[in-house]
Structure formats: structure tokens, C-alpha cells
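Both backbone and side-chain heavy atoms feed into the values below; hydrogens, waters and symmetry mates do not.
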Amino acid sequence: MAKNEASVPKGTRDFLPGEMVKRNYIFKIIRTVFEHFGYLPIETPAMEQVSTLTGKYGEEGDRLLFRILNSGNFLGDISDDEILERNVNKLKSFLSDKGLRYDLTVPFARFVVQHLNEITFPFKRYQIQPVWRADRPQKGRYREFFQCDVDVIGSNSLLNEAEQIQIIDEIFKKLGIKILIRINNRKILSGIAEVIGEADKIIPITIAIDKLDKIGPHKVNEELAVKGVSEKAIHELQPILDLTGSVGEKLNELEKKILLRSGIGRKGVDEMKKLFGYLKTFDLEVDPIFDLTLARGLDYYTGTIIEVNSTEMKIGSLCGGGRYDDLTGVFGLKDVSGIGVSFGADRIYDVMEKMGKFPEDTTSTTTLMFVNFGEKEEIHCLSLLAEIRKSGINAELFPDKVRLKKQMNYANKKNVEYVALVGEDEMKNRLITLKNMKTGDHEKIKLKELIEKLS
RNA sequence: GUGGUUGUAGCUCAGUUGGUUAGAGCGCUGGAUUGUGGUUCCAGAGGUCGCCGGUUCGAUCCCGGUCUUCCACCCCA
């Protein structure tokens, strides 16, 4: 066999034990909070039918889908003419009918429709699985990454929006990450597009104003013009984007003046008022802000949109989501509304690692290690080990009788908290020499005392 | 998908204006120290200088391609 270079594909990574322990710490907190709020776990396959995935994420999203090559002699079904035509998009349908999931929301919508009779509404689920995007990797941007989604489907109540904000607040509080939560509503954006007379250009308009704080008003206006938004409309947009004041003041201004003639716009304002009303009654660590320039690209959002960023590190959003009124519609189930947000575990990891947010004890999993002194001692230690494990303490016995220095070194590298030394003396006296690896102290104690101490 | 950037020991990086044997620190292995690790001292192992091709008497260095990294755009977790 030819010698292969050991490598993983672009934008993918291996995780070492030290990293996995920290990743699991993040997953555990997220999962625990999800369950506190009454969400139940599901999983879906890594791959979906291509038809399930395409057309849900906009043109850009379709481009980023990983497709899986069909098996068998798929070229046999294609005529020579079709091959010579070299129409990639047309040929794709012959070559590939499965794709790796791009997110967890669309597969979830498919799941809901497929299992309609097995679930009860409102259906609250969470899902922690990897997704794949054929993006150009950068820092905090991978081709394979884990999303942690929470969604409620089958309820229009804004209570769900409020609950999701609570979940976000609690998770980041528990992780110790400082964040900014921004909220907006697609209906307000639609209303604005409507009143400036460019209702059909809602998507390019939202994408452009999303960049306001990044590239400035001048460049945004340029982009709007390029996308065919009229000069008059751009002019009318300016005072709207310049709105200042408290959440209430902004919403009043929108309701009473700007969106007076837009039914959908006023509905969006109503929703925001109600949502912020709920939020006021919560005791949140971070107060979410109303950001009129927040847009978010995914095509399927129709109401509230939410995005969370780190205030300590420059990296893409850590969490994002929103309400989608008809995502199940394309799978044949009309008028079922859902809302959900997705936590990016990998970016959360990057922030926590960079800012030193991991508690120290997340780096160790073994509490006690027995030194190996030879065959007789091994047998003796094995029975002690069994007792210790039975009482819930993580413990191991070094498998080889090698120099003590090497065994201690192993324990040290692995951040083992205590080392037990049991040789002839200890065996005779039914004692264990217990060494604390942090302080270096050691004492001879009985098994019972040891278990009490480490429990 | 567009433009740029990076790649030398396990890790972080020097270096060679194209010329015999490519270096450091950390780490690793062994010893000082055969029941006490993280300190110290001594010794040692480890590199087709990302991969493929071209130019050249000769390439780790120049040129082309490719993979990878990071960055900006795009988009997003």
C-alpha cells in the first residue's frame, strides 16, 4: 500500500483529549440549560436528500452545500450530448442526490413533517450535531463544526422568543462569556422596504444595511445603488437608519411615523413591543438591544431575528437564529411557525480558550492513579481500585511496572490529582500512601479514609 | 466563488543573496536519582526545508502547479 500523508481535509480538525474534555464541558452546560427549559433531544442523519437542502439558504447557501457523489455507474444515465453541454447544475442532479446537512433547522423542519403523527405540538427539541459548509476556512470558521440548536415549532407565541433569549442569557452566563444580544424583526425590515417603495428588494436591502457598522453608511448606499435600489428610496432610508433613543422611543417612532402605512411593518413593531415587554420582567445578565441594522441572511426568517456576539474577542457570531413562519410549508405542512437559535460550539470554544474561561478542573478526568510496583502489588491494587470506582471516584492503575519517575510523570502530564503508592509495606499494614500532586504532601491512610477524602 | 498570505524537528521559530555535514528554545528518550513528578545537570534521538514538476552542473532557496494555513471580500456558528 502506498504511504499516505497523514492529514485531514481543509477546514476540519482532530480533537485531542485535552480539547475534548473542554468541548464536553461546553456541551454539557448547553445541554443542561436546554433541558431545564423543557427541550428534548433528537438527532438526524449527517446526509439529507439534496432536494431537502437546496433553495432554503439562498443562492450563497446552495453554493456552500457539500454534495455526496452517487454510487454506481451514474454516468451511464447521462447522454453524450448532456455531458458535452457541460452544464454543471444540470449534471449535478445526475451525479449527486444526497448532501451533507448545512444546518440543523432545515433537517428539523423535514423531521417534523415526516414524524407529524409521533410528536405533539408545540414541539420543543434540541439537537447537538456537526454541520458542514464548503466555505473558505478562516479563524472561527470551519468546514465542519458543531451547532447546538433549540427550537419550538407549532406555537406563534412571543413567549417562545422570550424564552430563547433567557436560554441564551443563561448559557453564556454559565460559560462566563461576555456577550451582546441584538434583536430585530424581519417584518419591520419588510415594512421599511415597503414604505420606501422597494418591497421586492427586501433581501439585498437587509444584507446591505446589515453591514452598516462595518463599512459605514456611504458604502452601504453604494451597495444599495448597485443592487438597483432607487436614489429616492436610498434617500428615504437614511432617517430610518439614523433612529436613536431607547427601545421604546425607536419603536414608537417606527409605529407612529415611519411605518404608518405598512401593515406588516406595524405588525413587526407590535411583536417587538410585546417581546421587550416580556424581557423587562426577566432578571437577565445582559439586556438585549434592538438593532434595526441586524438583518441575517438565511432566507427563511420571517419575524424576530437574534444574534449574539462576543464583546471580548473579534470573531463571527456565537449564536444566531429567529422565527420562521413557513419552513415546513415546502415539505407539505402549511401554517406551522417555529423559532429557534443555534449556538456555535466551536466559536464558543475559541473564545473561551483565548480568554482563559475554562475552569481548571475541566482539564482532568482522573482523580486517583495507582502506581504499578509489580505483579503482587497489581493484584492487590486491582481490588482496591474496584472499591474506589464503585464509590464514584475516577481512578486508574498504571499498566506497566516501569520507573517510578515515569509513572509520576504520566500522572503529572494528565493532571491526575492524587497518586496512590501501595507496595509491600502498605500491603502488610492494609494502608495506602496517598500523595497530593498539587501540594506534594503524602500520608498513609486506610481505604475507607481515602474514599471519604476523595468523594 | 474572487484577491492575497503561509508552510523548515512533535511545538514555536531562526537561517541559507542557489554550493559539501540546515540551527535554537521548548518537548521527547536515557542517565545523575532502582518508593515519590513538576527544579537542576549530563547525554541522545528526531528533518527527502508541505507535495509534484520546471530552470540549473547543482534547488530548502528561483519559476509553475497543487495541497494547507491565515486574511479581506462574500456569507455565517
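- Nucleotides G54(B) and G47(B) are separated by 25 Å at their C1' atoms, to the nearest Å.
- When both pairing distances are held under 3.5 Å, A24(B) makes a Watson-Crick or G-U pair with U12(B).
- Here the separation of U17(B) from U5(B), taken at their C1' atoms, is 23 Å to the nearest Å.
- Taking atom CZ on F370(A) and atom P on U36(B), their separation rounds to 19 Å, with Å as the unit.
- When the P atom is used for both G19(B) and C75(B), the distance is 48 Å, rounded to whole Å.
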* **Heavy-atom protein contacts under 4.0 Å, nucleotides 69-77 of chain B, coded B base, S sugar-phosphate only, - none** => SSBBSBBBB
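- The CG-P distance, from L421(A) to G35(B), rounds to 10 Å in whole Å.
- Scanning atom types as modelled, one donor and one acceptor separated by under 3.5 angstrom connect the side chain of K435(A) and the base of G37(B).
- Evaluation of atom-type donor-acceptor distances gives a pair under 3.5 Å for the side chain of N412(A) against the base of G37(B).
- As a whole-Å value, the separation of K413(A) NZ from G37(B) P is 13 Å.
- Aromatic ring centres of F27(A) and F146(A) lie closer together than 6.0 Å.
- A straight line from CZ of F398(A) to C1' of U36(B) spans 14 Å, rounded to a whole angstrom.
- When the C1' atom is compared between A9(B) and G27(B), the two are found 11 Å apart, to the nearest whole Å.
- Between the C1' atoms of C57(B) and G18(B), the separation comes to 12 Å (whole Å).
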* To do: Go through the steps to decide whether S230(A) and E198(A) satisfy the test side-chain contact (heavy atoms from CB on, under 4.5 Å), and finish with yes or no.
  => CA-CA 8 Å; S230(A) 75; E198(A) 298 279 4; 3.3 Å; yes
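- Atom P of nucleotide U40(B) and atom NZ of K405(A) are separated by 11 Å, given to the nearest angstrom.
- Here E426(A) lies in heavy-atom contact (under 4.0 Å) with a base.
- Using atom P as the reference point in both C42(B) and A24(B), the two lie 14 Å apart (nearest Å).
- Summarising the geometry, the separation between CG on N372(A) and P on U34(B) is reported as 18 Å, rounded to the nearest angstrom.
- Using P as the reference atom, C26(B) and G38(B) are 15 Å apart when rounded to the nearest Å.
- Here the side chain of R323(A) pairs no donor or acceptor atom with the backbone of T302(A) at under 3.5 angstrom.
- Ring centroid separation for the pair F108(A) and Y126(A) does not come in under the 6.0 Å cut-off.
- A donor and an acceptor atom, one from each side chain of K414(A) and Y410(A), are located under 3.5 Å apart.
- Atom P of C11(B) sits at a distance of 15 Å from the matching atom of C70(B), rounded to the whole Å.
- Side-chain N/O atoms of Y39(A) and E163(A) include a donor and acceptor closer than 3.5 Å.
- Here Y301(A) and Y324(A) keep their ring centres 6.0 angstrom or further from each other.
- Nucleotide A32(B): paired with U40(B) (Watson-Crick or G-U wobble, both distances less than 3.5 Å).
- Distance K406(A) NZ to C28(B) P: 10 Å, rounded to the nearest Å.
- Rounded to whole angstrom, the span from the OH atom of Y410(A) across to the P atom of U29(B) amounts to 14 Å.
- Residue-level contact check: G58(A) touches neither bases nor backbone, having no heavy atom under 4.0 Å from any strand.
- When every heavy atom of T328(A) is checked against every heavy atom of V113(A), the shortest pair comes out as CB-CG2, 3.7 Å.
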